[in-house]
There are 2 protein chains.
Amino acid sequence: MDKLTDRKKRLLEAVVDSYITSAEPISSAAIQQEYMPDVSTATIRSELAGLEEMGYLVKPHISAGRVPSSKAYRFYVDSLMQSVTLDDVDELASEGRKRIEGVESIVKEAVKVVSDVTNYTSLMVLEGKDDIIVRQVKLISMGDNTALVIIITDGGVLRDSVINLPENTQEGYLEAAASLINGSMAGKSIRSITGGEIISGVEEFKALFDQIITMLRQYVRGGEVYVEGTDKIFSYPEYRDVENVKGFLSVISQKDKLQELTAGDGVEITVKIGAEEGVKNMAVVSARYLVSGKQIGHVGVIGPERMDYKKVIKVLTTIGKMSEEKKEDKNG
Amino acid sequence: MDKLTDRKKRLLEAVVDSYITSAEPISSAAIQQEYMPDVSTATIRSELAGLEEMGYLVKPHISAGRVPSSKAYRFYVDSLMQSVTLDDVDELASEGRKRIEGVESIVKEAVKVVSDVTNYTSLMVLEGKDDIIVRQVKLISMGDNTALVIIITDGGVLRDSVINLPENTQEGYLEAAASLINGSMAGKSIRSITGGEIISGVEEFKALFDQIITMLRQYVRGGEVYVEGTDKIFSYPEYRDVENVKGFLSVISQKDKLQELTAGDGVEITVKIGAEEGVKNMAVVSARYLVSGKQIGHVGVIGPERMDYKKVIKVLTTIGKMSEEKKEDKNG
DNA sequence: ATTAGCAGTCGATAGCGGTGAGTGCTAACA
DNA sequence: TGTTAGCACTCACCGCTATCGACTGCTAAT
């Protein structure tokens with residue numbers, strides 16, 4: 001009896017579907033009325049009992065209707081993913097022209113859009129970008145023995161930062177340093193740069209190089225996180241329970257946790273559901289996010305387990321698509 | 001009878017003090033025991049009745065102890081501010097010796113420290129900096145008809161940003177533009193620059209200037225906000241009520257609201273308490289925050305009305321001090 | 001395999017009385 | 001006039017009970 005018959009599947013979908021919109025346990029009678037008028041409630045009940053035994057459904061108490069378990073959502077999402085044509089989203093990545101711009105503003109906007117459209121709390125997790133290629137390093141004197149370092153990569157401009165220079169530098173010191181640095185870094189990935197010591201010998205620039213490499217390391221470690229629409233969570237009745245809100249806030253304030261949750265290895269869409277997957281009473285849906293064809297992180301949505309997966313997945317893939325298309329906009 | 005006698009003041013302070021630590025209504029008997037052993041509970045009761053009538057105290061219900069009203073906290077804070085010696089703060093100072101760095105990282109660190117030390121949710125609101133003086137503008141070619149704009153001010157480096165150039169620019173275009181821009185902007189405040197049109201005539205650079213001015217405008221509008229320790233709020237029993245959490249989250253996700261709450265005009269410490277001051281069931285304490293001697297925004301703490309004002313005010317002033325000292329470090 | 005019917009379970013809600021922490025009031029006192 | 005003791009009163013809180021009703025599980029008939 002532990003086989004998912006066709007009818008069981010339909011039933012399961014009905015329960016999830018209903019629960020997603022109503023947040024209330026659903027009874028056999030309600031299922032009959034709304035989804036399967038041609039079988040009796042008794043039949044439905046016995047089927048439901050089967051699904052319950054298999055772990056897909058849960059009863060809050062014995063005389064209540066059924067509620068989907070995490071496993072049920074998992075099933076729901078998995079079958080959803082099959083039917084969605086993910087190759088709507090052409091991967092074409094294309095080298096083409098690189099639009100160089102502060103990633104930050106694009107990202108912020110995207111997060112906001114996602115949150116507004118889905119009505120869930122949304123987030124963007126920028127990942128350590130250690131395979132980004134350094135194109136050029138610029139050093140700009142700021143006086144006071146300090147200089148601004150700007151690292152231009154094929155993914156945009158890295159966070160600029162100010163570094164200290166040795167005292168009493170010669171005229172032309174910065175230029176010399178820059179050209180030396182460019183010679184040894186340009187065209188290489190951040191990973192390979194931070195990996196070993198590339199430059200040796202030139203004692204005069206040692207301190208400078210160290211600072212720059214430290215900068216890069218910090219950048220690789222990265223893990224910037226943007227969250228938007230935190231208070232949207234209160235639209236959903238499950239968050240009338242403070243415990244849940246607490247769990248929610250705890251998750252979104254742990255950057256590394258978010259990173260872990262959204263990190264689908266090369267997968268287009270990642271869905272984490274429930275305690276076994278690290279989010280008790282919650283679900284996190286995330287998608288790869290690309291700028292100029294380069295993956296820079298993941299964009300996602302966090303909310304109750306009974307999330308509107310259909311809508312969310314659709315929105316996230318759309319956003320993914322958009323981010324690639326921006327490239328084209330530029331010509332207009 | 002609507003005069004605050006000396007004893008009433010002491011009484012009021014006792015109530016607030018007690019409530020700050022216990023979060024429970026306090027009874028006349030408890031006050032007697034812990035604060036004024038030499039008067040009877042009856043006396044205390046009649047005094048309390050007076051304070052209640054004057055609006056300083058509130059009874060949750062008729063047979064319960066007293067709880068301070070917003071007005072009481074206001075009184076408490078006001079008298080606190082008179083007595084606090086703002087310069088007995090050293091414990092933290094050693095923590096903050098940092099090299100010169102982008103404002104962002106200093107700020108993030110500061111917020112984190114405040115949150116950790118106070119155990120409240122803390123925030124940093126960077127303000128529109130329209131009175132910052134532009135020192136120098138740099139234009140750096142990035143190929144692809146784009147250039148990076150860097151604006152150096154006496155407060156540090158403004159957010160760099162990429163702009164588009166006209167097609168087919170001449171050799172030397174950027175240099176010419178830069179010197180023209182510097183000629184008209186250097187030494188001026190952002191406000192005066194964005195105010196009217198400074199440069200006119202030179203059609204060739206018009207588009208470029210417009211972009212830079214737009215950049216500056218955005219920057220002035222500014223209003224970056226950092227929040228840290230959101231989940232600390234759950235340490236406090238008042239946030240077992242979801243309604244309060246809701247209010248809390250709603251406030252900290254409205255940037256303009258936070259800006260308004262922390263904006264004390266030239267005042268060192270600003271305290272907003274309760275609904276009348278825009279934060280129902282909450283309090284916000286904030287202090288001016290300076291980097292290298294320039295005020296760049298406000299650092300603050302948000303929590304329940306029965307906030308530990310003493311501690312919070314102390315921490316915030318300390319942080320403020322630290323940030324000023326950085327300037328000195330620089331010479332060393 | 002499906003269905004109708006019925007007994008059984010249990011959460012939710014309301015009502016009730018007892019308890020106790022605190023108050024307000026009054027009358028006596030310094 | 002300010003302070004105090006004493007007492008009656010109020011009301012949140014707790015536990016208990018009863019009722020209601022929304023479901024289910026089970027069984028026996030189709």
Side-chain angles (χ1 to χ4, degrees), chain A residues 1-12 14-16 18-19 22-69 72 237-238 240-241, chain B residues 1-12 14-16 18-19 22-69 72 237-238 240-241:
Chain A
M1 186 58 82
D2 44 357
K3 183 75 189 77
L4 267 184
T5 65
D6 218 54
R7 188 167 65 186
K8 279 204 176 59
K9 283 185 191 171
R10 268 170 47 226
L11 214 36
L12 191 48
V15 175
V16 174
S18 156
Y19 193 72
S22 76
E24 307 253 309
I26 187 164
S27 70
S28 52
I31 294 180
Q32 183 200 35
Q33 203 175 333
E34 293 166 41
Y35 295 88
M36 336 184 87
D38 39 1
V39 281
S40 76
T41 61
T43 309
I44 293 175
R45 272 203 297 282
S46 81
E47 289 280 64
L48 290 178
L51 284 169
E52 189 179 347
E53 202 178 351
M54 291 155 73
Y56 287 105
L57 297 181
V58 160
K59 282 201 299 264
H61 52 269
I62 197 152
S63 71
R66 298 316 206 284
V67 161
S69 70
E238 26 275 273
R240 277 204 266 273
D241 177 357
Chain B
M1 188 57 81
D2 43 356
K3 182 74 190 77
L4 267 183
T5 66
D6 218 53
R7 188 167 66 185
K8 278 202 176 61
K9 284 185 189 170
R10 267 167 51 226
L11 214 36
L12 190 47
V15 175
V16 174
S18 156
Y19 193 73
S22 76
E24 307 253 309
I26 187 165
S27 70
S28 52
I31 294 180
Q32 184 199 35
Q33 203 175 330
E34 292 167 41
Y35 295 88
M36 337 183 83
D38 40 0
V39 281
S40 75
T41 61
T43 309
I44 294 176
R45 272 203 296 283
S46 80
E47 290 281 64
L48 289 178
L51 284 169
E52 190 179 346
E53 203 177 350
M54 292 155 75
Y56 287 106
L57 298 180
V58 161
K59 280 202 299 265
H61 54 267
I62 194 152
S63 71
R66 297 320 205 282
V67 161
S69 71
E238 27 274 275
R240 278 203 266 273
D241 177 357

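Worth saying up front: this structure is predicted, and the values here are computed from it rather than measured. We name chains A, B, ... by the order of the sequence lines, and we start the count at 1 in each one.
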Fill in the blank from the handout: Among the nucleotides D:dT10, C:dT3, C:dG11, whichever has the atom closest to the side chain of A:H61 is C:dG11
Fill in the blank from the handout: Looking only at D:dA12, C:dG24, C:dG5, the nucleotide nearest the B:R45 side chain is C:dG24
Handout entry: Atom-pair distance (NZ on A:K8; P on C:dA1), nearest Å
Key = 11 Å
Problem - Distance in angstrom units between B:L48 CG and C:dA21 P, rounded - result: 19 Å
Exercise for the section: Please name the residue in the list A:T41, A:I44, A:V39 that meets the side chain to side chain contact (heavy atoms under 4.5 Å, CB included) test with A:I31. Expected result: A:I44
Problem - Phosphate OP1/OP2 of C:dG24: any B:R66 side-chain N/O under 4.0 Å - result: yes
Exercise for the section: Nearest whole angstrom, please: distance from the P of C:dA1 to the CG of A:D38. Expected result: 18 Å
Handout entry: hbond_proxy A:S63 side chain to C:dC10 base (donor-acceptor, 3.5 Å cutoff)
Key = yes
Handout entry: Value in whole Å for how far the P atom of D:dG25 lies from CG of A:L51
Key = 12 Å
Problem - Rounded distance (Å) that lies between atom C1' of C:dT2 and atom CD of A:Q32 - result: 13 Å
Exercise for the section: Identify whether any heavy atom of B:S27 sits under 4.0 Å from a base atom; if not, whether one sits that close to sugar-phosphate; answer base, sugar-phosphate or nothing. Expected result: sugar-phosphate
Exercise for the section: Output yes when at least one side-chain N/O atom of A:R7 is less than 4.0 Å from OP1 or OP2 of C:dT2, else no. Expected result: yes
Practice task
Please state how far atom CD1 in A:I26 lies from atom P in D:dA22, giving the value in whole angstrom units.
Solution key: 16 Å
Exercise for the section: Give one of base, sugar-phosphate or nothing for B:A64, where a contact means two heavy atoms less than 4.0 Å apart. Expected result: sugar-phosphate
Practice task
May I ask you to evaluate whether A:S28 reaches the phosphate of D:dT24, defined as a side-chain N or O under 4.0 Å from OP1 or OP2?
Solution key: yes
Practice task
Give a yes/no on whether any side-chain N or O of B:K59 is located under 4.0 angstrom from OP1 or OP2 of D:dT10.
Solution key: no
Handout entry: A:V67 vs A:Y19 side-chain heavy atoms within contact, under 4.5 Å
Key = yes
Fill in the blank from the handout: Atom CD1 of A:I44 and atom P of D:dT24 are separated, to the nearest Å, by 10 Å
Exercise for the section: Could you tell me whether A:E52 contacts a base, only the sugar-phosphate backbone, or nothing, with contacts defined as non-hydrogen atoms closer than 4.0 Å? Expected result: sugar-phosphate
Practice task
Look at the side chain of B:S40 and decide which nucleotide, out of D:dT24, D:dT4, C:dC10, has an atom nearest to it.
Solution key: D:dT4
